[in-house]
Amino acid sequence: MVRYWDIQEFTPEARAEAVREVIANITGRVDIDFPTRGRQVQASGVTSDLGPLTVCTVRSNATQLRRTTRSVRDDLEPSVFVGLQMSGSSIVSQADREAPLLPGDLVLYQSTLPYIIADRNGIGQHFFRIPVNRLALPHALLSQISAVTLSPGDPIAGLTASHLRQLATRHSHFAGPGPLWQRWSSQAYWMIH
């Protein structure tokens, strides 16, 4: 199932809230900061579900996403995210660690702990979400590798990033638009109008 979204169809005043609702349906609740100096909120993306794996590409002029101690208690199934930086640079912070990311870098972070993703030029990332219960990894190991750039320069990490990039850029190979976008569009319409 593939879901495309672009908040351009909303009025400028409604766009920030529309982005928050879309992202909440994909990653759980997050606070999002956008540029304030005369720039309209911009965001678009595509999401595919491949069994328990959710593949998402997001491009936005958002400068920061924060999952807070309050929002980690939402009803999102405990999940692990693998972020793949598309262009520019960003920083992922979690568990008192910061992972600076350059294009092609990978980072892991968890939905059950507060995190921050910051990029002053706008967020541009592919990310992959999988429920924790689908991984054969101990919780202690996940905690050790959260917000750590995964082996930059390592050939295996490079191959992994290349494979994930291909997966994330071929959403069109998956089935057509699905009910989440339709449900979100309907909810967002009533919430905003």
Side-chain angles (χ1 to χ4, degrees), residues 1-10 14-34 41-68 70-86 90 92-94 101 106-119 122-135 142 146-147 164-165 167-192:
M1 176 184 320
V2 180
R3 298 171 301 275
Y4 296 89
W5 56 275
D6 190 329
I7 52 86
Q8 298 298 24
E9 66 187 69
F10 293 97
R15 289 180 183 172
E17 190 57 33
V19 174
R20 288 181 185 96
E21 286 302 311
V22 169
I23 298 300
N25 279 306
I26 301 168
T27 67
R29 291 270 167 215
V30 292
D31 295 334
I32 305 175
D33 295 340
F34 294 95
V41 171
Q42 298 173 356
S44 61
V46 58
T47 304
S48 301
D49 293 323
L50 306 173
L53 177 68
T54 300
V55 181
C56 187
T57 299
V58 174
R59 291 187 186 275
S60 176
N61 64 344
T63 56
Q64 190 173 91
L65 281 79
R66 289 179 310 282
R67 188 146 164 89
T68 64
R70 190 170 118 203
S71 58
V72 297
R73 293 189 293 263
D74 64 11
D75 58 358
L76 177 71
E77 183 175 14
S79 300
V80 169
F81 298 98
V82 175
L84 172 59
Q85 186 71 17
M86 292 174 8
S90 68
V92 174
S93 304
Q94 187 171 64
L101 300 176
L106 294 167
V107 66
L108 180 137
Y109 51 102
Q110 300 177 64
S111 70
T112 54
L113 297 173
Y115 63 79
I116 297 172
I117 302 173
D119 188 334
I123 304 294
Q125 223 178 62
H126 301 297
F127 65 88
F128 307 83
R129 179 175 63 89
I130 189 159
V132 171
N133 66 7
R134 294 298 192 125
L135 299 172
L142 288 176
S146 289
L164 291 175
R165 184 180 308 101
L167 185 64
T169 57
R170 296 195 173 147
H171 290 275
S172 62
H173 290 264
F174 310 114
L180 176 64
W181 169 250
Q182 295 159 359
R183 185 175 69 241
W184 176 83
S185 294
S186 164
Q187 290 170 347
Y189 177 84
W190 292 112
M191 176 189 69
I192 292 168

Just verifying a value: how many Å separate [X] [atom1] and [Y] [atom2], rounded to the nearest 0.5 Å?
X	Y	atom1	atom2	answer
C56	I23	SG	CD1	6.0 Å
D74	T27	CG	OG1	8.5 Å
F81	I130	CZ	CD1	12.0 Å
N61	D119	CG	CG	11.0 Å
I26	T54	CD1	OG1	8.5 Å
F128	L108	CZ	CG	12.5 Å

Give me the atom names and distance for the closest heavy-atom approach of [X] to [Y].
X	Y	result
I117	I123	CG2-CD1, 3.8 Å
S111	R67	O-NE, 2.9 Å
A43	V19	CB-CG2, 3.5 Å
A147	S93	CB-C, 4.2 Å
Y109	G83	CE2-N, 4.2 Å
S60	F34	OG-CE2, 3.7 Å

Do [X] and [Y] come close enough that some side-chain heavy atom pair is under 4.5 Å?
X	Y	result
V30	Y115	yes
Q64	D31	no
R29	E21	yes
T57	T169	no
R129	L76	yes
Q125	L101	yes
V55	H126	no
R165	L84	yes

- prompt: Any donor and acceptor pair, going by atom type alone, linking the side chain of Q110 with main-chain N or O of S146 inside 3.5 Å?
  reply: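 The answer is no, because no donor-acceptor pair under 3.5 Å joins these two groups.
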query: Would D49 and R3 satisfy side-chain contact (heavy atoms from CB on, under 4.5 Å), going step by step from the backbone distance to the final call?
result: CA-CA 9 Å; D49 293 323; R3 298 171 301 275; 2.8 Å; yes
message: Tell me every residue that passes side chain to side chain contact (heavy atoms under 4.5 Å, CB included) with N133, counting only those two or more places apart in sequence or in another chain.
response: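 Partners of N133 under the side chain to side chain contact (heavy atoms under 4.5 Å, CB included) test: E77, P131.
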- prompt: Looking only at side chains, do R15 and Q42 share a donor and an acceptor under 3.5 Å apart?
  reply: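 On atom types as modelled, these side chains do not qualify, holding no pair under 3.5 Å.
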message: One pair to check against side-chain contact (heavy atoms from CB on, under 4.5 Å): L167 and L53. What are the steps and the verdict?
response: CA-CA 11 Å; L167 185 64; L53 177 68; 4.2 Å; yes
- prompt: Would you find more than 12 non-hydrogen atoms of other residues, nucleotides or ligands less than 6.0 Å from R66 atom CZ?
  reply: yes
- request: Kindly indicate, with the supporting measurements, whether the criterion side-chain contact (heavy atoms from CB on, under 4.5 Å) is fulfilled by W5 and V58.
  value: CA-CA 10 Å; W5 56 275; V58 174; 4.1 Å; yes
